[in-house]
J.: 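Can you read through this structure? Questions will come right after.
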Amino acid sequence: MSAPRVIVEAAEAFERDTTLRLPFRFGVVTLREAPQAFVRATVALPEGRRATGVAAELMVPKWFDKRPALSEADTVDQLRRSLAAARDVATTSVANTVAGHTARLERELADRLPDEPGLVQGFGPALVSRAITDALCRLLDVSFYEAIRTDAVGLAAGPLPDDLAGFDLPVFLASLAPGTSIAARHTVGMVDALTEAEVGERVGDGLPESLEAAIATYGLTWFKLKLGGNADADIDRLVRIAAVLDRLPDYRATLDGNEQFADAAAAAALLERIEAEPRLARLRASVLYLEQPIHRAAALAEPLGALGTRIPVIIDESDADLSSFATARGLGYRGVSSKTCKGVFRAILNAARCRHWASGPYVLSGEDLTSQAGVSVQQDLALVALLGLEHVERNGHHYVDGMAGAGAAEMDGFARAHPDLYRRDERGLHLKITAGRIALGSLACPGFATGAEPDFASMHPLRTPNRRSPATAQQG
């Protein structure tokens with residue numbers, strides 16, 4: 001399929017408040033509530049045929065930019081500004097491929113928000129790009145899988161990074177074979193109750209409230225363990241986590257440093273203590289990789305050294321733009337995360353790098369920034385399924401009570417469209433995880449894994465940011 005050139009006729013942005021059922025501690029923030037952003041965009045072929053697509057993503061505070069001078073509200077406002085700018089420049093009478101429009105949006109946002117970090121600059125374009133991808137798929141009546149495998153988005157038509165010179169991208173795209181299910185890698189946050197005895201005042205909503213209960217309910221065998229950067233506290237908590245996980249016949253885990261270590265030596269020191277602790281022997285043997293231990297301000301400033309030879313280390317918050325993975329590779333990193341909030345096409349090109357680079361193997365991991373039931377989690381799952389990943393971090397099923405904030409009609413629509421993916425009850429719409437796995441078959445629908453419509457009439461228009469973030473704030 002040749003990549004059609006389309007006009008972006010309209011783009012709108014909305015938000016919906018989301019309250020978590022359990023507090024989620026990661027990095028420097030304990031998340032209890034956050035607005036979810038939604039985009040609706042219309043594209044048209046030059047002869048006039050048109051379609052509308054959607055996308056959604058939580059506006060998580062203090063992840064895209066962790067500068068201590070910024071409040072949580074400041075960092076949400078940064079994302080609103082990014083999305084508002086992307087919305088405002090999305091519409092154009094100039095026809096282009098979806099990948100071409102995405103590249104234009106990324107350039108425009110870099111120019112409009114020069115003082116913002118790359119992750120903030122990329123947030124708005126990533127959302128708008130997914131909405132126009134959904135619109136294109138609906139226009140062509142194809143699934144996201146088919147649109148990428150045939151390169152209907154025009155990814156191969158644009159310039160590729162220098163490190164992919166000579167790589168046959170169309171052949172790579174055509175080779176992608178989406179899986180029909182994927183293992184859920186359950187996040188264990190820094191303040192999560194590990195056993196039922198540790199649960200304090202209960203939520204009482206019928207969903208698991210401890211790691212112990214989540215394992216029993218969902219049949220989990222894959223886990224993502226958050227680290228805090230304090231070696232004594234990390235060892236104590238990992239020992240208590242291992243006491244729960246070691247009851248399983250077999251399990252796999254990843255460690256997430258969330259930028260809490262000053263340098264590679266500090267992360268290596270923790271790894272040495274883990275390996276010296278007999279109670280962590282099974283847990284250490286289960287660990288696949290260590291994610292982003294060093295603060296982004298320093299992570300790509302010098303080689304990893306010995307740490308990179310002892311455990312695969314991947315970047316996440318340091319993945320500021322398309323060049324980041326190649327830079328990290330030269331410093332000893334062995335992988336990068338896939339997150340829809342950083343851009344679908346970036347994840348696909350990073351997967352191509354993992355296939356192309358001869359010095360591998362390299363890791364492309366599926367990581368989650370609290371993707372919520374509905375369009376957000378569906379598009380993320382479709383992406384990792386297409387890329388053939390064996391497991392993906394999931395946390396929205398645990399920290400949020402189903403499709404929080406949505407009305408009954410909206411939940412009913414998504415339940416009908418994706419009966420293999422969700423469980424609908426009187427409390428809400430819940431991601432269905434059975435024997436530790438998520439079924440993906442219904443995501444092969446026309447569109448970018450949508451199948452049902454968010455209720456835009458019930459949402460707020462994107463709120464106007466209250467303040468500008470201080471460009472002079474120092475990294476911390």
Side-chain angles (χ1 to χ4, degrees), residues 8 10-20 24 26-41 54-92 101-102 104-132 296-297 317 320-321 339-343 369-372 375-376 400 404-405 454 456-476:
V8 181
E12 303 169 277
F14 305 83
E15 60 182 272
R16 169 188 286 159
D17 295 329
T18 300
T19 301
L20 278 63
F24 181 21
F26 59 93
V28 298
V29 67
T30 299
L31 189 66
R32 291 181 173 85
E33 59 185 8
Q36 188 177 17
F38 291 79
V39 171
R40 181 170 59 190
V54 300
E57 194 76 58
L58 208 67
M59 291 190 283
V60 175
K62 301 293 277 189
W63 184 84
F64 294 84
D65 189 342
K66 298 180 183 178
R67 288 178 287 182
L70 301 177
S71 69
E72 292 186 19
D74 289 333
T75 60
V76 173
D77 277 346
Q78 287 177 296
L79 302 180
R80 288 190 177 107
R81 280 193 292 276
S82 178
L83 180 52
R87 172 201 62 196
D88 293 345
V89 302
T91 55
T92 176
H101 284 299
T102 301
R104 174 180 62 84
L105 287 172
E106 291 171 345
R107 292 192 301 269
E108 289 268 5
L109 267 288
D111 289 341
R112 285 179 171 239
L113 303 175
D115 296 324
E116 300 290 11
L119 291 175
V120 173
Q121 292 175 355
F123 179 79
L127 262 170
V128 173
S129 175
R130 279 155 55 195
I132 63 177
R296 72 191 78 176
E317 288 94 335
D321 55 46
K339 278 182 175 171
T340 50
C341 64
K342 297 192 292 187
L369 198 63
T370 64
S371 298
Q372 304 307 299
V375 171
S376 178
V400 178
F456 289 98
S458 68
M459 301 177 194
H460 302 284
L462 185 71
R463 294 182 175 103
T464 302
N466 293 322
R467 59 189 71 81
R468 295 198 63 81
S469 59
T472 56
Q474 295 181 351
Q475 293 284 350

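For this chain, numbers begin at 1 and follow the sequence in order.
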J.: Test your reading of the model: is there a side-chain donor-acceptor pair from T19 to the backbone of E33, 3.5 Å cut-off?
T.: no

J.: Can you name the side chain to side chain donor-acceptor pair (under 3.5 Å) partners of R107, sequence neighbours left out?
T.: none

J.: Consider salt bridge (Lys or Arg N to Asp or Glu O under 4.0 Å). Of K66, K339, K62, which one does E317 pass it with?
T.: K66

J.: For T91, what residues pass the side-chain contact (heavy atoms from CB on, under 4.5 Å) criterion, not counting sequence neighbours?
T.: none

J.: Is the closest basic N to carboxylate O distance between D65 and R296 below 4.0 Å?
T.: no

J.: Residues in salt bridge (charged side-chain N to carboxylate O under 4.0 Å, His left out) with E12, at least two apart?
T.: R40

J.: Which residues pass the salt bridge (charged side-chain N to carboxylate O under 4.0 Å, His left out) test with R104, sequence neighbours left out?
T.: none

J.: Under the rule for salt bridge (charged side-chain N to carboxylate O under 4.0 Å, His left out), what residues qualify as partners of E57, not counting sequence neighbours?
T.: R130

J.: In sequence, state the C-alpha distance, the side-chain angles, and the governing distance for D321 and E106, and then conclude on side-chain contact (heavy atoms from CB on, under 4.5 Å).
T.: CA-CA 10 Å; D321 55 46; E106 291 171 345; over 6 Å; no

J.: Check side-chain contact (heavy atoms from CB on, under 4.5 Å) between D88 and all other residues, then give those that pass, not counting sequence neighbours.
T.: none

J.: Which pairs pass ring pair (Phe, Tyr, Trp, His ring centres under 6.0 Å) with one or both residues in residues 105-130, sequence neighbours excluded?
T.: F64-F123

J.: With sequence neighbours left out, what residues match A90 under side-chain contact (heavy atoms from CB on, under 4.5 Å)?
T.: V8, A11, L105, V128

J.: Between Q121 (side chain) and L113 (backbone), is there a donor-acceptor pair under 3.5 Å?
T.: yes

J.: Given side chains that start at C-beta, do those of L58 and L369 come closer than 4.5 Å, heavy atoms only?
T.: no

J.: Would you say that R80 contacts T464 through its side chain, given a criterion of any heavy-atom pair below 4.5 Å between the two side chains?
T.: no

J.: Taking all non-hydrogen atoms of both residues into account, name the closest pair between D77 and P465 and its distance.
T.: OD1-CA, 3.5 Å

J.: May I ask you to decide if the ring planes of F456 and F14 are parallel, tilted or perpendicular, using 30° and 60° as cut-offs?
T.: tilted

J.: Does the side chain of Q36 pick up a donor-acceptor pair with the side chain of E15 at under 3.5 Å?
T.: no

J.: Please tell me if the side chains of D74 and R67 come closer than 4.5 Å, counting only heavy atoms from C-beta onward.
T.: no

J.: Determine the minimum heavy-atom distance between A13 and R87, stating which atoms define it.
T.: N-CD, 3.9 Å

J.: Going by salt bridge (charged side-chain N to carboxylate O under 4.0 Å, His left out), name the residues that satisfy it together with K342, two or more places apart in sequence or in a different chain.
T.: D316, D319

J.: Identify the two heavy atoms, one from M59 and one from V76, that lie closest to each other, and give their separation to 0.1 Å.
T.: O-CG2, 3.7 Å

J.: Can you name the residues that form a side-chain contact (heavy atoms from CB on, under 4.5 Å) with A404, not counting sequence neighbours?
T.: T18, V400

J.: What do the steps show when you test R112 against R81 for side-chain contact (heavy atoms from CB on, under 4.5 Å), and what is the final call?
T.: CA-CA 10 Å; R112 285 179 171 239; R81 280 193 292 276; over 6 Å; no

J.: Heavy-atom distance under 4.5 Å between the side chains of Q78 and L70, does that happen here?
T.: yes

J.: Within this structure, what is the CD-OG1 distance for the pair Q372 and T370, rounded to the nearest 0.5 Å?
T.: 5.0 Å

J.: If we check side-chain contact (heavy atoms from CB on, under 4.5 Å) with E72, which of these qualifies: V29, T30, L31, V60?
T.: V29

J.: Show the nearest heavy-atom pair for residues A131 and V39, with the distance to one decimal.
T.: CB-CG1, 3.6 Å

J.: List for me each residue that meets side chain to side chain donor-acceptor pair (under 3.5 Å) alongside T102, sequence neighbours excluded, and say none if there are none.
T.: S129

J.: Of all the heavy-atom pairs spanning V375 and A56, show the shortest one and how long it is.
T.: CG1-N, 3.8 Å

J.: If the condition is ring-ring contact (aromatic ring centres under 6.0 Å, His included), which residues does F26 pass it with, not counting sequence neighbours?
T.: F24

J.: Rounded to the nearest 0.5 Å, what's the gap from OG on S82 to CG on L119? Could you check?
T.: 10.0 Å

J.: Where do R16 and G405 come nearest, in terms of heavy atoms and distance?
T.: NE-O, 3.6 Å

J.: Do the side chains of S371 and C341 get nearer than 4.5 Å, heavy atoms only?
T.: no

